[in-house]
Amino acid sequence: MSYETIRESGGIYQRFWGAVDSLELYDSLKEIPKDPCFASAKYVIKDFLGVDVFNAKVKTIVEGLALNKVWKNTNPDIVVAVVTTHEEIIATGQ
């Protein structure tokens, strides 16, 4: 596993490092709404600054976007922020 999920007072922080593949990315996404504080969380920060290799497939990215919409039904105020300088990760958000 090349990520960790940390509950913070206002939200959820996920830090990634090394090589991240589709399975790990999808697992990290499924983990977020399982947090007991998810319904009141104000943010999710996904920190990819430590990632060397990003190998997530388009299918996983699309599934992740669908999960984000589901999250909004549970917590319409939540904001998701992605922190990265990795060109492949930036391209997934465009």
Side-chain angles (χ1 to χ4, degrees):
M1 182 169 77
S2 59
Y3 73 92
E4 66 180 333
T5 301
I6 301 167
R7 184 183 315 149
E8 297 182 337
S9 61
I12 300 163
Y13 172 79
Q14 286 188 320
R15 183 176 70 92
F16 298 80
W17 61 87
V20 175
D21 63 20
S22 288
L23 180 59
E24 288 174 324
L25 183 61
Y26 192 69
D27 285 348
S28 76
L29 291 167
K30 292 189 309 184
E31 194 173 303
I32 291 170
K34 292 178 183 176
D35 188 292
C37 297
F38 175 74
S40 63
K42 298 297 180 204
Y43 62 83
V44 173
I45 297 173
K46 300 183 79 61
D47 178 352
F48 291 94
L49 291 175
V51 171
D52 299 318
V53 177
F54 185 75
N55 191 22
K57 306 297 182 209
V58 172
K59 180 179 184 241
T60 303
I61 304 300
V62 172
E63 289 170 344
L65 293 172
L67 284 174
N68 283 338
K69 288 184 180 187
V70 171
W71 295 352
K72 286 288 190 179
N73 292 332
T74 303
N75 184 344
D77 297 324
I78 199 163
V79 174
V80 178
V82 175
V83 181
T84 188
T85 57
H86 203 288
E87 292 297 326
E88 290 174 326
I89 298 171
I90 293 169
T92 65
Q94 297 179 5

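Residue indices begin at 1 and follow the sequence shown.
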## Note on the structure
Rounding to 0.5 Å, atoms CD1 (I12) and CD1 (I45) come to a distance of 10.5 Å
### Query
side-chain contact (heavy atoms from CB on, under 4.5 Å) between I89 and K46: does it pass, once the steps are laid out?
CA-CA 11 Å; I89 298 171; K46 300 183 79 61; over 6 Å; no
### Task
Check whether any side-chain heavy atom of Y13 sits under 4.5 Å from a side-chain heavy atom of V83, and report yes or no.
no
### Distance, nearest 0.5 Å, that separates CH2 of W71 from CZ of F38
6.5 Å
### pair F54-L25: side-chain heavy atoms closer than 4.5 Å
yes
### Summary
All heavy atoms of V51 vs all of H86, minimum pair found to be O-CD2, 3.6 Å
### Query
Which residue pairs pass the side-chain hydrogen bond (donor to acceptor under 3.5 Å, both in side chains) test when at least one of the two sits in residues 54-69, sequence neighbours left out?
S22-T60, N55-K57, K59-E63
### Query
By side chain to side chain donor-acceptor pair (under 3.5 Å), which residues pair with Y26, not counting sequence neighbours?
none
### Task
Could you check V20 against E88 for side-chain contact (heavy atoms from CB on, under 4.5 Å), going step by step and ending with a plain yes or no?
CA-CA 12 Å; V20 175; E88 290 174 326; over 6 Å; no
### Task
Please report the shortest heavy-atom distance between S2 and A19, naming the atom on each side.
OG-O, 3.0 Å
#### Entry: Set of side chain to side chain donor-acceptor pair (under 3.5 Å) partners for K72, sequence neighbours left out
none
### Query
By side chain to side chain donor-acceptor pair (under 3.5 Å), which residues pair with T5, not counting sequence neighbours?
Q14, E31
### Message
Could you measure the distance from the CG atom of D52 to the CZ atom of F16? Nearest 0.5 Å is fine.
### Response
14.0 Å
### Query
Is there a path of hydrophobic side-chain contacts, each under 4.5 Å between heavy atoms of I, L, V, M, F, W or Y residues, that connects L49 with Y43?
yes
### Task
Can you tell me which residue pairs pass the salt bridge (charged side-chain N to carboxylate O under 4.0 Å, His left out) test with a partner in residues 11-23, sequence neighbours excluded?
E4-R15
#### Entry: Under the side chain to side chain donor-acceptor pair (under 3.5 Å) test, residues paired with D27 that sit two or more places apart
none
### N75 (side chain) donor-acceptor with A41 (main chain) under 3.5 angstrom
yes
